[in-house]
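See structure below.
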Amino acid sequence: MEPILEVNNLTMDFGGLRALDRIDIDVKEGEIVALIGPNGAGKTTFFNCITGIHPPTKGEMVIRRPPKRNPQRLNGLKPNHVTERGLARTFQNIRLFPSMTVLENVMIGRHCRLRAGIAGAIFRNRATRQEEKQLVRDSYGVLEKIGLTRYVNELAMNLPYGEQRRLEIARAMATDPFLLLLDEPAAGMNPRETESLDELIVKIRDEEQISILLIEHDMKLVMSLSDRIFVVDYGKKIAEGTPEEIRNNPAVIKAYLGEEVDA
Amino acid sequence: MLTFTEIKRSFLVSVWFMFLTFPIMVIRVNTIENVVIWRWKNMLFVGAGSFVLSFVWRFLMRRKEVGSKDAEAGGTSKSIFQRFMEEKRLYYPALGAISVIVVLFPLVFSMYQVNIMISGLTYVMLGLGLNIVIGLAGLLDLGYVAFYAVGAYAYALLNYHFGVSFWIALPIGAGLAALFGIILGFPVLRLRGDYLAIVTLGFGEIIRLILENWNEFSFGPSGIANIPRPAIPGIEFTLHQNTIFIYYLVVLLVVFTIFVVNRLQDSRIGRAWIALREDEVACQAMGIDKTKTKLTAFALGATWAGMAGVVFAGKTTFINPASFTIWESVMILCIVVLGGMGSILGVVVGAGFLILIPEYFRAFSEYRMLAFGAALILMMVFRPGGIVSGMRKTYQFEGIENGEASDKKA
C-alpha cells in the first residue's frame, strides 16, 4: 500500500543555515506517526514546509488522498491550498482566533469547503441559508466529537489552556482532512489532560479514519500512541522505526542524552 | 472610597500641577510697564481643579477594578447598549422611536439642523465602510479618505464632462472606489500593522496631491463648482425641499449600509475577515485565501466611501482637494475606534459623538482637539473596546438532535 504522505529528500535552508537536511518521511493510511527530536531539531520547520508556510529549498512532497489516491505534489502550494487538499495542522503555540466564539473557530475550519460569496452574504438566498444551517450543524458535530459543546458560545480566549489545545484540533478536523498534523499537542498539559488527549487522538484515527502525524516531547505519550517514530536531530533524520526500536536505538539515546565521556 | 491616602495622593498631584504651571499661569511680565504681575488666583484654580480631577480619576479607576473583579468572578460585563439590544421588549420600541425621530426630524427642525444631520449620517456611512477594513479585517487603513475623494470626483467630473446624473453616478462612484480599493490592496497584501498604515497613508496623500496638481484633469485647488444636487427628474425642488430630500436619501443609504454590513459580518466572508484580523497565519492554514479575503475587505470598505463621496459632492455642489485631507481619514478612524471596532451600533454612536457634538458646541471649537484627545484617553482606560464593543453571534442548540439549529443574534 502506497503511503498517503511521502516526503523525499526535503531540504530547507534559511540563508546559510540548513534547518532540514534531506529528510525522508512517509505516513501510511490509518497510522499514527510521531516526529521527535531535541529542541531546534527542525520538526516545526518540517511541518511548515509541508503545509506551505515555507517553500522548501529542495525535495519532493506528495500526498495521495484516500480513497482515490491520485498523487498530488505539495511543492509550491499556498497554505490554504494545502488545507484544501486535506492536510490540516495545529500550532505549537496555540493560534486560535481569540475573540471569536468556539463555534466560529470551528466554522472557520470549514471555510474552504463552502462556496457562499458576497452576493450570497448580502441577499441570503436559499442556498446560502442552507449552507449556513448545514455549517452550524456540522461544526457543532465536530465539537461533540471533541467534547467541547459546553463552551460552544464562549470566546476562544476564555477557554482553559487544555481546552484551547483541543479546540485547535477541532478546528483542524473541521477542514475535513485525511491527515492531521499535530505540533506538540500535549505541550503544557497536566497528566490527566494528556491522558484524555491520548484517547482523543486514537479516537480520531479509529472513528474518523484520519491518519495522524504528530510532533511531541512527551515520551510517554509518543511511545504509547505511535505506530512508527521518526527521529530528527540538527535537521537530519537519525532513526526511524517502531517505539520499541527507537527506545533502544543508540543514536537516539545519544541525541537526547549526549555522549558519555570516557573516564 | 474616601480614604486618607487617596486624599493625600490627590493633594500631592495638585501641588505638583501648581508647581508645573507656576511659570505660565501665575507669572506675567508686562513688557510695556516693565512690571511682573503675580496672578495667585490662577494658582488656586489650578490646584483645586487638579485636585478634583485627580480624585475623580482615582474613584473611577477603583470602580473599574471592582468591575473587572466582578467579571472574573463570573458576571459578564456588558454595556448598557448590549443589554438593551438583548432585551427585545425594550429594543423594538426603541428602534421604533428612533425611526419616528429620524423620519420627522427635517419636518420639525431647521435647515441648519438638517444639514448637520446629513453630514453626521454621511460620516456614519464612512465609518461603517472603514469598519469593514479596520474593525472586521483588522487592516489599519489611514488613507480611507482617498476613496471618498474618488467617489466625489467621479460624480463631479462625470457630470461636468458628460452631464451624468446623480443616480447614475452613485453606483459608478461606488464601483470606482471599489476598484481603487483593489488597486491599493494589491501592493499592500504582504504588509501588516504599522507598515500597512504608512503605505495607506501615502496612498491617501497621493490621491489628494494628484487632485491638487493635475489641473487639466481635476481643476486643481480651485475645485469643481456647480455640481447639481440630487433630484427627482421632472420635479423642481426649492433649496429647502432639496435639503430635506438629500436627508431622506442619506438616511436610506445609511439603512442600506447597516443592512449590508450586518449581513456581511455574520457571513462566511465576514468570519474570514475576523479570522484574518485575529491571526493571519492560522487563518491561512485553515484554508482561507488571504489574498482574496484582503482584497474583498478593501473593495467592500471602499465602496461605501465612494457612495458617501458622491452624496457629499451632490450635497455641497462644490468640491476641491481641501475636503479630502488626512484629517478626514483620522476623523473617520476616530469614529470607528471610539465607537467600537467591529460594532455597527458603535460606529453610529461614535459618529454622533464626534460629528454632531462639535457642531452643536461650536462656541468651544478651540478646545475641540483637546476634548477629542481626552475622550480617546478616557475610552482607552475605561472601555478599551470602544463605547459599544462588538459582540459575536451566538447559537442555540436545543433542537440539534432533530437537525434544527436555531440561531439568535445577541
Side-chain angles (χ1 to χ4, degrees), chain A residues 48 51-53 78-85 87-91 94-101 103-105 107-118 120-124 128 131-137 139-141 144 149 152-157 168 171-172 174-176, chain B residues 71-72 74 76 138 178 256 259-293 296-297 299-300 303 341-342 385 389-397 399-408 410:
Chain A
N48 286 346
T51 53
I53 293 175
K78 280 190 190 168
N80 50 314
H81 293 132
V82 173
T83 309
E84 259 170 53
R85 280 164 180 70
L87 248 59
R89 70 171 292 179
T90 67
F91 293 88
I94 298 175
R95 276 176 173 273
L96 289 168
F97 306 119
S99 43
M100 295 176 93
T101 64
L103 188 74
E104 280 178 319
N105 267 276
M107 283 158 97
I108 286 291
R110 291 210 65 74
H111 183 94
C112 59
R113 307 286 169 222
L114 308 175
R115 292 283 74 90
I118 298 168
I122 296 172
F123 299 115
R124 269 194 206 159
T128 312
E131 190 181 89
E132 278 287 307
K133 229 176 188 178
Q134 187 63 39
L135 165 68
V136 171
R137 218 175 294 159
S139 308
Y140 192 80
E144 268 178 337
T149 44
V152 66
N153 283 320
E154 203 77 46
L155 291 188
M157 63 180 158
E168 253 206 328
R171 188 180 64 177
T175 65
D176 198 9
Chain B
E72 273 168 34
T76 46
F256 175 60
F259 174 79
V260 170
V261 174
N262 185 36
R263 287 211 154 173
L264 280 175
Q265 72 179 5
D266 282 319
S267 70
R268 173 169 177 262
I269 294 166
R271 282 190 300 266
W273 285 336
I274 296 166
L276 187 74
R277 173 188 81 193
E278 299 282 298
D279 193 318
E280 222 178 289
V281 175
C283 160
Q284 214 183 0
M286 286 304 118
I288 291 172
D289 190 336
K290 207 171 72 179
T291 312
K292 224 163 110 189
T293 310
T296 49
L300 281 174
T303 308
M341 286 202 258
S389 46
M391 285 278 280
R392 294 310 305 159
K393 184 175 180 167
T394 53
Y395 298 82
Q396 283 176 325
F397 293 94
I400 191 75
E401 285 77 21
N402 47 45
E404 285 297 312
S406 65
D407 50 65
K408 69 158 194 170

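It should be emphasised that the depicted structure is a prediction, and the values quoted were computed from it without experimental measurement.
- In this structure, chain B has a heavy atom under 4.5 Å from the side chain of A:Glu131, while its backbone stays farther away.
- Between chain B and the options A:Ala88, A:Gly109, A:Pro98, the largest number of non-hydrogen pairs under 4.5 Å is found for A:Pro98.
- Residue A:Leu103 touches chain B through its side chain alone, counting heavy-atom pairs closer than 4.5 Å.
- Shown here for A:Arg95 and B:Ala282, the closest heavy-atom pair between the two residues is O-CB, 3.3 Å.
- Only the side chain of A:Leu135 has a heavy atom closer than 4.5 Å to any heavy atom of chain B.
- Listed options A:Leu155, A:Leu114, A:Thr101, A:Thr175 were ranked by heavy-atom pairs under 4.5 angstrom with chain B; first place goes to A:Leu114.
- The CD1 atom of A:Ile122 sits 8.0 Å away from atom CD1 of B:Ile269, with the distance rounded to the nearest 0.5 Å.
- The line from CD1 of B:Ile288 to CG of A:Asn80 is 9.0 Å long, rounded to the nearest 0.5 Å.
- When all heavy atoms are compared, the tightest approach of B:Gly287 to A:His111 is O-CD2, 4.2 Å.
- Only the side chain of B:Thr291 comes within contact range of chain A, judged by heavy atoms closer than 4.5 Å.
- Here A:Thr128 pairs with A:Ala116, A:Asn125 under the side chain to side chain contact (heavy atoms under 4.5 Å, CB included) rule; sequence neighbours left out.
- Atom CD1 of residue A:Ile108 and atom CE of residue B:Met286 lie 10.0 Å apart, to the nearest 0.5 angstrom.
- Nearest heavy-atom pair across A:Glu132 and B:Arg271 is OE2-NH2, 2.9 Å.
- Residues passing the ring-ring contact (aromatic ring centres under 6.0 Å, His included) test with B:Phe256, sequence neighbours excluded: B:Trp304.
- Rounding to the nearest 0.5 angstrom, the gap separating the CD1 atom in A:Ile53 from the CD atom in B:Gln284 is 7.5 Å.
- Contacts with chain B were tallied for A:Arg113, A:Glu168, A:Arg124; A:Arg124 has the most, counting heavy-atom pairs under 4.5 Å.
- The two residues B:Ala285 and A:Thr83 make their nearest non-hydrogen contact at O-OG1, 2.6 Å.
- Interface remark: A:Arg115 contributes backbone and side-chain atoms alike to the contact with chain B (heavy atom separation under 4.5 Å).
- Atom CD1 of B:Ile274 and atom OG of A:Ser99 lie 8.0 Å apart (nearest 0.5 Å).
- Scanning all heavy atoms of the two residues, the minimum distance from A:Asn153 to B:Tyr395 falls at ND2-O, 2.6 Å.
- With values rounded to the nearest 0.5 angstrom, A:Phe91 atom CZ is found 7.0 Å from B:Asp279 atom CG.
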